[in-house]
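Worksheet for the structure shown next.
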Protein chains: 2
Amino acid sequence: MTAIQQAYNVYEDRCPTRLVLDRLADKWALLILDRLEGGPVRFNHIRRDIKGISQKVLSQTLRKLERDGLISRSIFPTVPVTVEYALMPLGRTLTDTVSALAHWAEKNMDAIVAAQRAYDQTHAA
Amino acid sequence: MTAIQQAYNVYEDRCPTRLVLDRLADKWALLILDRLEGGPVRFNHIRRDIKGISQKVLSQTLRKLERDGLISRSIFPTVPVTVEYALMPLGRTLTDTVSALAHWAEKNMDAIVAAQRAYDQTHAA
DNA sequence: TCACCTGGTTTCCTCCTGGAAACCGGGCGG
DNA sequence: CCGCCCGGTTTCCAGGAGGAAACCAGGTGA
């Protein structure tokens, strides 16, 4: 029995923890959270940095994260208008784990690719 | 600049780390990895435990994880046949982080739900 | 007046995910 | 011979995610 099951059962359908986990299991959200770790960033800056994300998806994901209380959205009446996104305290408690996950991916990338190659060879048609 | 960017740039398109992150950003994969932490488990056992997962998706996800070298698949010629899935060493290095993520979700679930409610009220139509 | 900046929203359309349910094969048990 | 167990695969299908691109608003400068 894992630590999680002691209190709730994540494996249960409709468990609220699952909903949270669903939201976290989103590559764009993870990348954005990681990107915000260094301080507030503006919309188009994120968009330029995270290659391949569309305007729509960035906007949607940011709003989800804001709704969850993980990030804040601040509007400055500069010209042109500036909108800054920043980690909220709640979000900051999460980035350690997110970073760890990204870190793990970076560190074990080679092993995974090697495993995939080995698998593909032995399971070839 | 975050730790990740020092070596690779996860934000770059086609970065291999992104592919790994994509795979990890999958609620079913995370749940399965968490479920396997306690030791080897059989196919139908996982299926029964993780409520709501379909046979197809479970099968697909397990094969992906196996291909990535994260879990192993062992067949025992019992009657009826027994198939056990277990964490590989590589997968075990990951479960700490996955558990942390699941833990975080459990711990901060209430805060998130509260944030959502507050957001929905202030942004109501 | 027109163009252009930011920071979006909306529309359209396509592809992929994932659910439901049927089917399968080996190996017994009755 | 039929049925049932496990551990899948296959088929069909509906819904949603997400990309591309157009549109929009407020404000400024030429």
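None of these values were measured; they are calculated from a predicted model. In what follows, chains carry the letters A, B, and so on, assigned in the order in which the sequence lines appear, proteins first and then strands, with residues in each chain numbered from 1.
Annotation: salt bridge (Lys or Arg N to Asp or Glu O under 4.0 Å) contacts involving residues 59-71 of chain A, sequence neighbours excluded, comprise A:Arg23-A:Asp68, A:Arg67-B:Asp120.
In this structure, B:Leu58 atom CG and D:dC6 atom P are separated by 14 Å, rounded to whole Å. One interatomic measurement links the two molecules: NZ of A:Lys64 to P of D:dA17, which rounds to 6 Å at whole-angstrom precision. One can place NZ of A:Lys27 at 14 Å from C1' of C:dT17, the figure rounded to the nearest angstrom. Rounded to a whole Å, the CD1 atom of A:Ile50 is 12 Å from the P atom of D:dG19. The interatomic distance linking A:Ile53 (CD1) with C:dG8 (P) rounds to 13 Å, in whole Å. Distance CZ (B:Arg47) to P (D:dC5): 12 Å, rounded to an integer number of Å. The separation between A:Asn44 atom CG and C:dC4 atom C1' is 13 Å, rounded to whole Å.
Side-chain atoms of B:Ile32 and B:Leu58, non-hydrogen and from C-beta on, do get closer than 4.5 Å to each other. Residues A:Gln55 and A:Phe43 meet the side-chain proximity criterion, which asks for heavy atoms closer than 4.5 Å. With a 4.5 Å cut-off on side-chain heavy atoms, B:Leu94 and A:Leu101 count as touching. At a threshold of 4.5 Å between non-hydrogen side-chain atoms, the residues A:Asn108 and B:Val20 do not count as touching. B:Tyr85 has its side chain out of reach of B:Ser74: every pair of non-hydrogen atoms, C-beta onward, lies at least 4.5 Å apart.
Atoms NE2 and CD1, on B:His45 and B:Ile50 in that order, are 10.5 Å from each other to the nearest 0.5 Å.
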Detail all sub-3.5 Å separations between protein N/O atoms and N/O atoms belonging to nucleotides 9-13 of chain C.
residue : atom : partner : partner atom : Å
C:dT9   : OP2  : A:Ser59 : OG           : 2.4
C:dT9   : OP2  : A:Arg63 : NH2          : 2.5

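Side-chain contact check for B:Thr78 and B:Thr82: at least one donor-acceptor pair (N or O, by modelled atom type) lies under 3.5 Å.
Remark: A:Ser54 pairs with no residue by the side-chain hydrogen bond (donor to acceptor under 3.5 Å, both in side chains) rule, at least two apart or across chains. Among residues two or more places apart in sequence or in another chain, the salt bridge (charged side-chain N to carboxylate O under 4.0 Å, His left out) test is passed with B:Asp22 by A:Lys27.
Here the shortest heavy-atom pairing between A:Leu33 and A:Thr95 reads O-CG2, 3.8 Å.
Taking five base pairs at each end of the helix from C:dT1-D:dA30 to C:dG30-D:dC1, the local helix axes there meet at an angle of 30°, rounded to 10°.
Near DNA chain C, meaning a heavy atom under 4.0 Å from it, residues 75-87 of chain A has A:Pro80, A:Val81, A:Thr82, A:Val83, A:Tyr85 in order of number.
Listed pair A:Arg48 / C:dG7 fails the phosphate criterion, with no side-chain N or O lying under 4.0 Å from OP1 or OP2. Look at A:Arg42 and you won't find any side-chain N or O under 4.0 angstrom from OP1 or OP2 of C:dC5.
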